[in-house]
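Here is the structure we will look at, set down as structure tokens.
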Amino acid sequence: MSGIGSGDDRSVTAQSTEEKVVVHCITWSFAYYLVGGLYVLGPVLGWLLLLHVARRDGLRDVPGVMWAWVVGMLVMLVAVVVAHADYRMGLGATIKSCIGWAKGWALMAVFILIGSGNIRIEVLSRALCILGVQILCLLPVLALAWVVGLPGHLYVSPLSIVGGPGPEYFAVELYGLNAQTGLPRWRLFAPWAPAMGLLMSCFVLVAMHEQQRVLRAAGILGMLIAIYASGSRLGLIALPLVAVVLLIWKHLDRPVLYLGLAPVALLAGVFATALQTLLEDFTERFHGARADSSRVRAALNRIAVQRWETEAYWWGHGNVERGPHLVEHMPIGSHHTWFGLLFVKGAVGALALAVPMAWTAWTLLTRGRTSKAGVSAFGILMILGLYSLSENLEMLAYLYWPALVVLGMGLRDVARSRRSAISSPPADRPVHLPASPVTP
């Protein structure tokens with residue numbers, strides 16, 4: 001399906017090695033999912049492509065903010081080693097956790113660095129739109145499978161022998177069921193349904209740059225339906241919220257924006273009390289939609305913070321631990337990136353992520369509006385920030401890696417535009433060219 005909608009539009013044809021490999025991996029996602037290969041594909045793809053980019057380009061023009069991600073993720077590795085030494089977990093456990101780091105946190109820096117290579121946003125948006133069309137065609141079939149009563153769980157791929165966080169990373173399903181309501185939820189090729197909300201929210205922000213209207217509309221429609229079908233509460237509000245922020249951010253230099261916001265601010269002040277009540281009601285309903293899930297998550301967070309503060313403040317516990325019956329034996333440090341980091345890697349690990357994220361946010365906020373990739377990158381960073389409050393970002397990096405590549409592309413474009421501005425003379429300064437030799 002890689003040729004869908006391409007026509008004679010050669011500007012989005014994959015050209016560099018990175019583009020060809022990335023397009024193939026995105027458009028064949030479901031094929032890799034059927035054999036349980038996505039969890040293996042992500043890390044292998046990332047490290048091999050990084051070696052290719054480093055060998056060809058030498059990573060000479062990588063901006064400082066990208067190196068902050070590299071340093072931050074290396075600090076994560078140091079935290080792993082120190083925590084394992086503190087708790088005397090042994091060499092075998094330390095090696096296993098280091099391998100887990102290479103398949104998790106390290107991938108965030110790896111794919112951001114890959115974004116500094118020869119990849120264009122148009123090529124990625126075309127590939128993601130094709131994926132969206134595949135989803136649009138597949139979801140009615142999966143819905144029919146639930147209607148006629150086919151089994152939801154099909155099999156666990158033999159590739160699970162390579163190891164991973166759990167069998168759900170290698171399981172192939174037609175649909176899943178909400179334990180509370182009994183209604184279906186579709187996770188497609190993600191390990192659990194809410195993760196699909198994260199993926200599709202990020203991918204929509206890239207797919208919006210597709211040039212062909214029909215393909216763009218169909219692809220984005222497939223992604224939006226996937227968000228709804230996943231039943232992700234955060235997915236239903238994150239993308240609209242980020243879209244509004246991006247719209248305002250892109251038009252900050254236009255007076256009409258302030259003229260439009262003035263009456264909104266006035267009305268907000270007049271109805272402040274009513275709006276506060278409305279927000280509180282919405283928050284209560286949001287958590288009440290799956291009260292048991294919200295209760296378990298809150299308890300996990302409290303336990304993680306309490307044990308981090310009292311037992312392993314700086315370097316953490318080195319690994320997640322299974323929780324008590326109160327949290328249904330869910331692992332302590334799961335379901336929240338920041339509390340998970342504090343519990344597993346301590347304050348050092350939390351800072352190792354917070355610093356590059358904050359630096360990236362500031363870079364894109366102040367200079368990212370000038371490029372398509374910069375706009376998408378800023379939106380993706382906001383999506384990741386929101387989902388860090390309910391997911392462990394490192395556990396899903398092997399899936400949302402196209403979003404990380406776009407994040408790197410946005411930082412790359414900002415650095416290039418800045419270097420271009422520095423090297424170019426000011427518009428009001430005359431450029432003195434050497435006099436041409438006079439021929440006698």
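Residue numbers run from 1 in the order of the sequence given.
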For a quick test of reading the model, state the closest non-hydrogen atom pair linking [X] to [Y] and the distance between them.
| X | Y | answer |
| --- | --- | --- |
| I220 | A207 | CG1-CB, 3.9 Å |
| V242 | M382 | CG1-CE, 3.7 Å |
| S116 | V62 | OG-CG2, 4.0 Å |
| M89 | H317 | CE-O, 2.8 Å |
| F170 | G166 | CD1-O, 3.9 Å |
| A403 | C202 | CB-CB, 3.8 Å |

Result of checking E19, H209, E18 against R120 for side chain to side chain donor-acceptor pair (under 3.5 Å): E19
[X], [atom1] atom: more than 12 neighbouring heavy atoms under 6.0 Å:
| X | atom1 | result |
| --- | --- | --- |
| W362 | CH2 | no |
| R56 | CZ | yes |
| L183 | CG | yes |
| Y228 | OH | no |

Taking atom types as modelled, is there a side-chain donor on Y387 or S232 under 3.5 Å from an acceptor on the other? yes
To the nearest 0.5 Å, what is the distance between [atom1] on [X] and [atom2] on [Y]?
| X | Y | atom1 | atom2 | answer |
| --- | --- | --- | --- | --- |
| L386 | L198 | CG | CG | 10.0 Å |
| M223 | M196 | CE | CE | 10.5 Å |
| F111 | L407 | CZ | CG | 13.0 Å |
| L205 | F203 | CG | CZ | 11.0 Å |
| W401 | L41 | CH2 | CG | 7.0 Å |
| I99 | K96 | CD1 | NZ | 9.5 Å |

Salt-bridged, E168 to R187, with N to O below 4.0 Å? no
For the pair K345 and E394, find out whether any cationic side-chain nitrogen is under 4.0 Å from an anionic carboxylate oxygen. no
If we only count heavy atoms from C-beta on, is the [X] to [Y] side-chain gap below 4.5 Å?
| X | Y | answer |
| --- | --- | --- |
| M208 | S376 | yes |
| T370 | D413 | no |
| L113 | V70 | yes |
| P165 | Y39 | yes |
| I380 | V206 | yes |
| K103 | Y398 | no |

Does [X] reach the main-chain N or O of [Y] with its side chain, forming a donor-acceptor pair under 3.5 Å?
| X | Y | result |
| --- | --- | --- |
| S16 | N118 | yes |
| S125 | E122 | yes |
| E210 | Q212 | yes |
| S230 | P194 | no |
| T27 | A127 | no |
| W249 | L365 | yes |

Is the distance from the ring center of Y169 to that of W192 below 6.0 Å? yes
Applying side chain to side chain contact (heavy atoms under 4.5 Å, CB included) to L389 and W338, what does each step give before you reach the verdict? CA-CA 7 Å; L389 306 179; W338 301 103; 4.1 Å; yes
Hey, what's the ring geometry for W101 with W47, parallel, tilted or perpendicular (30° and 60° as the breaks)? tilted
